[in-house]
Participant: 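Once you've had a glance at the structure underneath, I'll fire off some questions.
All values below were derived from every heavy atom in this structure, side-chain atoms included, with hydrogens, water molecules and symmetry-related copies excluded.
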Amino acid sequence: MIQQLRTYLNTPTNAAPLVVFRLLFGLMMCFSIIRFWYHDWIDLLYIQPKFHFSFYGLEFIKPLGNYTYVLYAICFLAAFFVAIGFKYRIAIITFFLSFTYIELMDKTTYLNHYYFISVLSFLMIFLPANSSFSVDSYRLKKAYKTIPNWTIDSIKLLLGIVYFYAGIAKLNSDWLFKATPLKIWLPSKYDLPLIGETLMQQEWFHYAMSWSGMLYDVTIPFLLLYKRTRWFAFFFVVVFHVFTRILFPIGMFPFIMIVSTLIFFEANFHLKVIALIKRLLNQMFKLNHSIVLAENYSFTNKKLTVGVVAVFMLVQLVLPFRYLAYPNELFWTEEGYRFSWRVMLMEKMGISTFKIVNSKTGSYFYVDNKDFLTPLQEKQMSFQPDFILEYAHYLGDHFTKQGHKNVEVYVQSYVALNGRPSQPYIDSKIDLYKEKESFKHKTWILPFNDDIKGL
Amino acid sequence: MLKKIIFGFSLFALVFSCSSSDESTISSSSDGFDRSTMLTNWADNIIIPAYQDLDAKLVTLKADKDTFIATPNQTNLETLRTSWLNAYKVWQYVEMFDIGKAEEISYKFQMNVYPVTVADIKANIDNQNYDLSHPNNNDAVGFPALDYLLYGVDVTDADILVKYTDVNYQNYLSDVIDQMVLLTDTVLSDWTSNYRATFVSSIRNTATSSVNKLVNDFIYYYEKGLRANKIGIPAGVFSSTSLSTKVEGFYSKQYSKVLAEQGLKAVKDFFNGKNYNSTLVNSSFYYYLNYLDRASLVSNIRAKLDNGLTKIGTLNANFSSQVETDNVKMTETFDMLQLAVVSFKVDMIQAMNISVDFTDADGD
């Protein structure tokens, strides 16, 4: 067993897939940041709001005012340096830190695909993605032909986790036996040409899409792994992601996933890509080709590196199951919902109206959420307990500072999940200003009136 | 292998380009819900007839105003007040349609912002130099300004009549009414000449399409124009104390209830797709929700709106005195109206899966 592991860890493989992955990943990130900037979302999401929702324990991570643009610029430069493989280690560390900081500034904008970028870039810190076909190897005049096989496998494993966990998250009665939320989402795409007024309105199609989406997610990592099914699998990767891109406003995520899955292909494909790019570069610049080809890349700190990556993978495997430590329905309480690859899994909406009460006199007034939150923040806050609590504390502090006495904060909250009638969500008799955030179960979330079976 | 990849990407480009093609290819298959019919019903049977009625009522108002200014006596004042009230009631049926020309010219802000700022009105009367369409004058024009001008410029009717011997008062009253007629003409003629076609044909599910905008307008009106402005703000639910001067029709002291009832009836009728000029019902939200298999939500919403109407029926005709004598009834009414806000903003929007986000960021 140990011997097998040792052999596995020493097995070399061609560096090309990892190197091409680095290039494409870097370019995708550059493009994502430009796109984000171009749409003016930095201003809209991070500069305009008066208040930001923080992750528990990370309240010190906040937007930096106008310096947020500098942060994005740093992130962009780092992504570009990753792409070209210039000072790779510093670049990928900088990218990981800046991107993760951005992601954590306001949990209103939490997206699984941002989290994916963060964990992937963390993993890439430990991989020799600049070992050839990079500015680094050009400057050192040394390129490695092979790298340890596990480095490429680690990315495949991470991608596999994302798909597989997204798939098993769909193993619930709402998704499979009620076809929600697709039954709610698809008919509203009536304006698509050809399929909008036809397929999108058919109940059988909602079921077909629910089941095939689940089967796709669960099986695709395995179909990509085996050579005989790989081409077939990649075809489905493209179709699936393009289809979701047409249906839903999911930005760059489909493209990032399509490009990422190229790592499953064998080295000769990537070598062709490299050869193609080299030819183009040679036409533009006269490059000096005196690079020494070295054999296998070896880590200077192999045990530590392998150890960190192994622990990281273990965390990735376990973290999505942390919801099991909480009582009640996960979709309802959302305790352990994030960071678990639960992607486009439910349709949830709410309305939360806050009441500021003077505990001595009993006098009260309601808060107009628009005075404090952007429409996106209000939407996200309305159905997520940790947002509701954080906002209640913000309101309590705000009105206390304004001179209101004996402030208590109550909320009247109604939430509808997957097309069920809305029902009261938070105990309206609980003074949220006295409740503290923690990883413990929030007892003031009212029980869900229905039952969703499954994982 | 490379060829296959290239094939894959071109396939993807093909599908992608198809997806972003124009809207001319939309078929009117019987599978989907027919939004054109709904929009046509809204435009032809509800919105335009309501504007036409308002326009007619304002023409009467204008004529009665001319008579009154020529002869400011008690009879003419009474007639003018009656035609003001008749127009104001019809106004409750159009305030929610903040779309097209109305949105462009900030129509509702020039027609029904209350409470008025008396100092602004007085300054305008004294200076005789004003731009009534300026945003600074939003609280000195429209129906609330007339409420003040016809009931509040002095204590007794006899004293009010004396005021209208002053040409400055005559001019201001006249200008305010003429402006209301002009604005309404502008909005109505835009509807009948070209906007109707645009409105009816805009059937896509985007944040700027007719259905989505009107769903937003409708809910916004119910939540803000009706629930908050007419009931909540005077009852003090958004402030530390109640604010009895902030009611609609503050100076006439008897119409805040009837105006609120009209507003809620307008909401109910629109939800049910009831024609403005008859009891016929056609496609509207309730049709749409039934199409989406949400019949129970329809009856739920109807019950909540009816309960709201019943509750308003128990209030004093003058909300101002209701707030001062028994504000609990006001806050209870507010809470009751709030229940339908939940149904509209959560259940109905979720069922229709309407794009309401003004933030056009990514989801996942």
Participant: Do you know which two heavy atoms are closest between B/V346 and A/M349, and how far apart they sit?
Facilitator: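 So the minimum-distance heavy-atom pair works out to CG1-O, 3.4 Å.
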Participant: Checking heavy atoms, do the side chain of A/M252, its backbone, both or neither come under 4.5 Å from chain B?
Facilitator: backbone
Participant: Quick one: closest heavy-atom pair of A/E197 and B/R35, and the distance?
Facilitator: OE2-NH1, 4.4 Å
Participant: I'd like to verify something: which residue of A/H241, A/H404, A/E347 has the highest number of heavy-atom pairs under 4.5 Å with chain B?
Facilitator: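 Top option by heavy-atom pairs under 4.5 Å: A/E347.
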Participant: Kindly give the heavy-atom pair with the smallest separation between B/A351 and A/I184, and that separation in Å.
Facilitator: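 So the minimum-distance heavy-atom pair works out to O-CG2, 4.4 Å.
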Participant: Against chain B, label A/K183 side chain, backbone, both or neither, depending on which of its atoms sit under 4.5 Å from a heavy atom there.
Facilitator: neither
Participant: Report the option among A/W185, A/F383, A/F248 that has the most heavy-atom pairs separated by less than 4.5 Å from atoms of chain B.
Facilitator: A/W185
Participant: Could you tell me the separation between the CG atom of B/N300 and the OG atom of A/S422, rounded to the nearest 0.5 Å?
Facilitator: 7.5 Å
Participant: Is chain B contacted by the side chain of A/T353, its backbone, both, or neither, given a heavy-atom distance below 4.5 Å?
Facilitator: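 Only the side chain of A/T353 comes within 4.5 Å of chain B.
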Participant: State whether the side chain of A/Y414 and the backbone N or O of B/D347 hold a donor-acceptor pair below 3.5 Å, judged by distance alone.
Facilitator: no
Participant: Considering only heavy atoms, which portion of B/D335 lies under 4.5 Å from any heavy atom of chain A: side chain, backbone, both, or neither?
Facilitator: side chain
Participant: Measure A/L417 against the heavy atoms of chain B and call it side chain, backbone, both or neither at under 4.5 Å.
Facilitator: backbone
Participant: Side chains of B/F238 and A/Y366, heavy atoms from C-beta outward: is any pair under 4.5 Å?
Facilitator: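 In short, these two side chains touch, coming nearer than 4.5 Å.
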Participant: Please flag which part of A/N418 lies under 4.5 Å from any non-hydrogen atom of chain B: side chain, backbone, both or neither.
Facilitator: backbone
Participant: Measure across B/Y288 and A/Y190 and return the closest heavy-atom pair with its distance rounded to 0.1 Å.
Facilitator: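 Minimum heavy-atom separation between B/Y288 and A/Y190: OH-CE2, 4.4 Å.
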Participant: Restricting to non-hydrogen atoms, name the atom on A/I351 and the atom on B/V341 that form the minimum distance, rounded to 0.1 Å.
Facilitator: CD1-CG1, 3.6 Å
Participant: So does A/F372 have more than 12 non-hydrogen atoms from other groups sitting under 6.0 Å from CZ?
Facilitator: yes
Participant: Any chance CZ of B/F109 has more than 12 other-residue heavy atoms, nucleotides or ligands included, within less than 6.0 Å?
Facilitator: no
Participant: How about NZ on B/K304, more than 12 heavy atoms from neighbouring residues, nucleotides or ligands closer than 6.0 Å, or not?
Facilitator: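 Yes, NZ of B/K304 has more than 12 neighbouring heavy atoms, counting only those of other groups under 6.0 Å.
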Participant: Testing the basics here: between B/K345 and A/K370, what is the closest heavy-atom pair and its distance to 0.1 Å?
Facilitator: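 Heavy atoms of B/K345 and A/K370 come nearest at NZ-NZ, 4.4 Å.
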